[in-house]
*Asks:* 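Pasting a structure below so you can have a look.
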Amino acid sequence: MATHLKNDATQLTGRVINIQHFCINDGPGIRTNVFLKGCSNRCKWCCNPESIRFKPELAYNINKCIGVKECGRCLKPPTPEGAFYVLDGPDDRVRVNWDMASECGEETASVCPTGALYMFGHEMTVEEVLAEVEQDQSVYIESGGGITLSGGECTLQPQFAAALLEEAHHRGINTAIETAGNAPWEKFRQVVEHADVVLHDHKVMDHERHTRWVGTDNSKIKANFKRAYEEFPDKTFIARTAVIPGVNDDEEHIRSVLEFIKPYKNVIDYQLLPYHRYGEGKYGFLGRVYELKDFPYVPDETMQRLRAIIDEAFGRSATTPGQASPQDKSRGSTLQMEGAA
Ligand code: SF4
Ligand code: SF4
């Protein structure tokens, strides 16, 4: 395929978690979502925990282990001694010493015949990603869809992400990004420049609560969004909040976001996504703890009430109570692609 990128940037590599086809609610039409690895935030409710670290990382699904009597390959070199072990008793499936296994890589995963051990994150070139994305061209034509870069924080791989979007454009594919905005401005700008639609998170407006729940200062995020609204007046921005009970499920947060976006005509919508736990299982696969496992779901009435505030601000009629909103699906979880891995 002929490219218009300089210096054959289609051979640039980036760290990809997976490519998910036939996604809705991640930009116009039916999308192909490309999840990139690495994020600068630490949201306690993150549904893609495997996207946070930049390095590829090992995961383990005990349900796929056939036991050491039958197999036991991961107990032998090249796997470091002690990284895997078996408990006393009849269950001979391996357990993981995550302090040691977190240093294991592809070599370890490759010995496992069942896929119980597997890697999150691998290098792909721009060309390889687009070859897969282009398989959905007919779906894009029919639905008005395209490619959406997600993560993780896609703007933290700016050269790769920008090349991917630029080349997608060149091949006639609509482009969107999902971003939480926590990146140095130059990197952020470099990627936004090539996105037709920018889906961006206003997670927590209050500074102290943002630090507590997202793990980072939100002043750079707000500055990036404001500057992007101003420097890219012709792009489509869609603000979003994943509504987390007790964190941002209050009118004050919603009104604060509305106030923030109000001066900018290019912010065409503000969408609310209900809290879900689709990613909870992956914490276990990575040897981590999901801190919000006892959190309640947000009642439908709360979502309706908060959406009504937004509808009023945008001058449109409210979503019918009891009717599923098209937004009732949160930002894509890579779990769907991994088939619960
Ligand atoms: S290599 Fe895989 S299937 Fe075999 S014992 Fe280890 S985890 Fe289980
Ligand atoms: S910004 Fe997104 S990917 Fe990053 S920690 Fe938060 S929810 Fe997870």
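Counting starts at 1 for both ligands and their atoms, in listed order.
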*Asks:* Give me the residue, atom name and distance of the protein heavy atom closest to atom 4 (Fe) of ligand 1.
*Replies:* Cys71 SG, 2.3 Å
*Asks:* If only side-chain N and O atoms count, and only distance matters, is there a donor-acceptor pair under 3.5 Å linking Glu291 with Tyr283?
*Replies:* no
*Asks:* Determine whether the aromatic ring centres of Phe237 and Tyr264 lie less than 6.0 Å apart.
*Replies:* no
*Asks:* Under 4.0 Å, heavy atoms only, figure out whether ligand 1 is touched by the backbone of Phe84, its side chain, both or neither.
*Replies:* neither
*Asks:* For Glu127 and Thr125, which I'm curious about, is there any donor-acceptor pair between the side chains at under 3.5 Å?
*Replies:* no
*Asks:* Within a distance under 4.0 Å of any heavy atom of Ser51, pick out the atoms of ligand 2 and give their elements.
*Replies:* 3 (S)
*Asks:* Keeping Lys235 on the side-chain end and Val197 on the backbone end, is there a donor-acceptor pair under 3.5 Å?
*Replies:* no
*Asks:* What are the atoms of ligand 2, with element, lying closer than 4.0 Å to any heavy atom of Asn41?
*Replies:* 1 (S), 5 (S)
*Asks:* With distance as the sole test, does Arg95 use its side chain to make a donor-acceptor pair with the main-chain N or O of Arg93 at under 3.5 Å?
*Replies:* yes
*Asks:* I'd like to check which ligand 2 atoms, numbered from 1 as shown, lie under 4.0 Å from a non-hydrogen atom of Cys39.
*Replies:* 1 (S), 3 (S), 4 (Fe), 5 (S)
*Asks:* Within ligand 2, which atoms have a heavy atom of Ala180 less than 4.0 Å away?
*Replies:* 1 (S)
*Asks:* Select the closest option to atom 6 (Fe) of ligand 1 among Pro113, Cys74, Cys65, Cys112, judged by heavy-atom distance.
*Replies:* Cys74
*Asks:* If you count the atoms of ligand 2 from 1 in the order shown, which ones are under 4.0 Å from a heavy atom of Gly152?
*Replies:* 3 (S)
*Asks:* Would Asp136 and Thr32 count as a side chain to side chain donor-acceptor pair (under 3.5 Å) here? Give the steps.
*Replies:* CA-CA 8 Å; Asp136 298 337; Thr32 307; 2.7 Å; yes
*Asks:* List every atom of ligand 1 that sits less than 4.0 Å from any heavy atom of Thr114, numbering the atoms from 1 in the order shown and giving each element.
*Replies:* 3 (S)
*Asks:* List every atom of ligand 1 that sits less than 4.0 Å from any heavy atom of Tyr60, numbering the atoms from 1 in the order shown and giving each element.
*Replies:* 7 (S)
*Asks:* Which of these passes side-chain hydrogen bond (donor to acceptor under 3.5 Å, both in side chains) with Thr175: Glu167, His169, Arg31, His194?
*Replies:* His169
*Asks:* For His21 and Glu132, which I'm curious about, is there any donor-acceptor pair between the side chains at under 3.5 Å?
*Replies:* yes
*Asks:* Please could you name the atoms of ligand 1 that Val94 approaches to less than 4.0 Å, counting only its heavy atoms?
*Replies:* 5 (S), 7 (S)
*Asks:* Out of all atoms in ligand 2, which are within 4.0 Å of some heavy atom of Lys203? Include the element for each.
*Replies:* 1 (S), 6 (Fe), 7 (S)
*Asks:* For atom 5 (S) of ligand 1, find the nearest protein heavy atom and state the residue, atom name and distance (0.1 Å precision).
*Replies:* Gly72 N, 3.5 Å
*Asks:* Could you tell me if the side chain of Thr216 sits less than 4.5 Å from the side chain of Thr211, heavy atoms only?
*Replies:* no
